Amino acid sequence: VSVRRAELSRAGLLLAGLGIALAMRLALAGRSGVQSPRAGLLFAAGLIMLVGAAGWRPGRFRVETVAIGALGAAGLVALPAWLRWETVWPVSSWPVGALPAWAAVVIAIAAAEELLLRGVLFSVFESAWGTLAAVVITAIAFALLHVPLYGWGALSVDVAVGIWLGGLRVIANSVTAPLVAHVLADLAAWWLV
Amino acid sequence: MTRWRTGGLILLAAAGLLAVAWLVSPLPGPPLYDSIGLPSEPYRYLQPPPGTKEPRRAPTSGSLTLSISGQTLPLEEVATNENPPQAQLFLEGGALRVPPGVSRVTLAIRPIPPPAQPQNSTIDGNAYSFTASADNGARLTLESGKASVELRATSMLVTPTVAQFVGERWVPLQTRRFLGTAIFSADVNTLGDFALLLPGRAAKPASSSDIFTVPIIAALAAGLVIVALLLALLVRRQTTRA
């Protein structure tokens, strides 16, 4: 019981930290919202600090987890990619010169979110309440995290994506798979938006 | 149950949920999940509202002249020159019906003073005039559902509605927002004058400066450090006990 209580205390502190990091991102971004790179980087740094403080250390690297993540990303972007190429997509293209800096920020944010959600928090909830609870709770946290940035309209999609990433975490038994899937799916936005 | 089987079932459930979420989502097109947009340059006002802090830069126009070979235009887009554009027009192939005898068509967008102020709402940013004109003065018409107008809001934090000025009043249109952007889109059946409308009469002073102050950000950062320290202490205590 005391172990579970300690685990849940850890989860509570992590969720509180996640909320504070999000508030900091919104405060710094102001009117720029999700478009602010410095706010995004500060958010990512805050999450990495929490992950480190929670005692997370990278496990042994396995190539198959990267492959699972890449397949997971393909599943996530398959429909948007197909529709992008089949229909008119009324958004202007972005300047290629901005790609490296944009990609760096996107990778930092996606990786930090995964390390916290499907890394530390998933392990805590899995040991306390089991795998399914861990998948569902981290998916809900993932979706709520994005509401202030994208609005309630994105909630249902983000819950589903959170469960998808949780499924990859379960199959691979590693945070690497959802991390790779999340990063690749986010980077695909460059070509799909 | 093995991890593969459990994970596979979770992925199946997620795929089903994702399909339903895409179908019911109010977002335009298949929404992407979590990405950051490129930073936008400050909004350029034709008539800056009081309190605007950005240096004054004039809004731009956009135009495109096309040689016509048939009676319809291929897929075309016109945009103003800001980054990202403050106004854009998208025409699917066949969206513009061109009468015989027309050899050139010009599509144009230009910022204009609002022809009238809306009732019970406020115009966000500039009004824009969207036109399509033929070289011989012939009247050009749009096919229904094949043209759309996009306008950029002055801030990511507002949710305005695209409106068209018709018959001496602003008529709100079904509006979509592009995820992670301040760009709002509406399908249109005719060209003319368009603007973004915000509910309410009071227009806030426009500024791209942060709406929260530095002390609040500092307090949040301090709070985050305290949480991290508490976490580290908790983990250390657990490790020591183990």
Side-chain angles (χ1 to χ4, degrees), chain A residues 6 9-10 13-14 16-17 20-21 23-24 27-28 30-37 40 46 49-50 53-55 75-76 79-80 83 88-92 94 98 102 105-106 109-110 131 135 146 150 153-154 156-161 163-164 166-168 170-171 173 185-186 189 192-193, chain B residues 3-4 6-8 10-11 13-15 17-18 21-22 24-27 29-40 75 77 79 84-85 88 90 92 148 150 155-157 178-181 183 185 208-212 216-217 220-221 223-224 227-232 234-235 238-239:
Chain A
S9 301
R10 196 148 66 112
L13 283 171
L14 283 166
I20 294 172
M24 215 162 61
L28 186 61
R31 294 163 64 87
S32 301
V34 74
Q35 289 182 328
S36 168
M49 183 173 72
L50 289 171
L76 282 177
L79 182 63
L83 289 176
V88 176
W89 193 265
V91 173
S92 60
W94 293 342
W102 176 86
V105 178
V106 166
I109 296 172
T131 301
V135 170
H146 293 96
Y150 302 110
S156 55
V157 171
D158 279 336
V159 167
V161 172
I163 292 174
W164 180 272
L168 296 176
V170 173
I171 286 178
N173 195 21
D186 283 3
L192 298 181
V193 170
Chain B
R3 280 196 167 266
W4 276 93
T6 310
I10 292 169
L11 287 184
L17 281 172
L18 205 49
W22 271 325
V24 302
S25 172
L27 302 165
L32 291 159
Y33 321 112
D34 169 31
S35 206
I36 67 160
L38 290 176
S40 306
L75 167 69
E77 67 178 73
Q88 297 180 81
F90 290 90
E92 289 183 37
S148 61
E150 280 184 22
S155 161
M156 288 286 292
L157 302 181
F178 287 97
L179 194 65
T181 72
I183 295 171
S185 167
S208 66
S209 60
D210 295 338
I211 57 168
F212 291 88
I216 290 177
I217 294 171
L220 287 168
L224 192 61
V227 167
L229 286 174
L230 288 173
L231 258 174
L234 188 70
V235 170
Q238 276 180 284
T239 312

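In what follows, chains carry the letters A, B, and so on, assigned in the order in which the sequence lines appear, proteins first and then strands, with residues in each chain numbered from 1. Here the structure is a predicted model, which is why all the values come from computation and not from measurement.
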Against chain A, work out which of B/Leu224, B/Leu17, B/Leu230 has the most heavy-atom pairs shorter than 4.5 Å and name it. B/Leu224
Answer whether the closest heavy-atom distance between the side chains of A/Asp186 and A/Ile109 falls below 4.5 Å. no
Does some side-chain heavy atom of B/Arg3 sit less than 4.5 Å from a side-chain heavy atom of A/Ile171? no
What part of B/Ala15 gets closer than 4.5 Å to chain A, counting heavy atoms only: side chain, backbone, both or neither? both
Got a donor-acceptor contact below 3.5 angstrom from the A/Arg10 side chain to the B/Val235 backbone? no
Supply the atom-to-atom distance A/Ile20 CD1 to A/Leu13 CG, rounded to the nearest 0.5 angstrom. 9.5 Å
Can you tell me which portion of B/Leu234 sits under 4.5 Å from chain A's heavy atoms? Options are side chain, backbone, both or neither. side chain
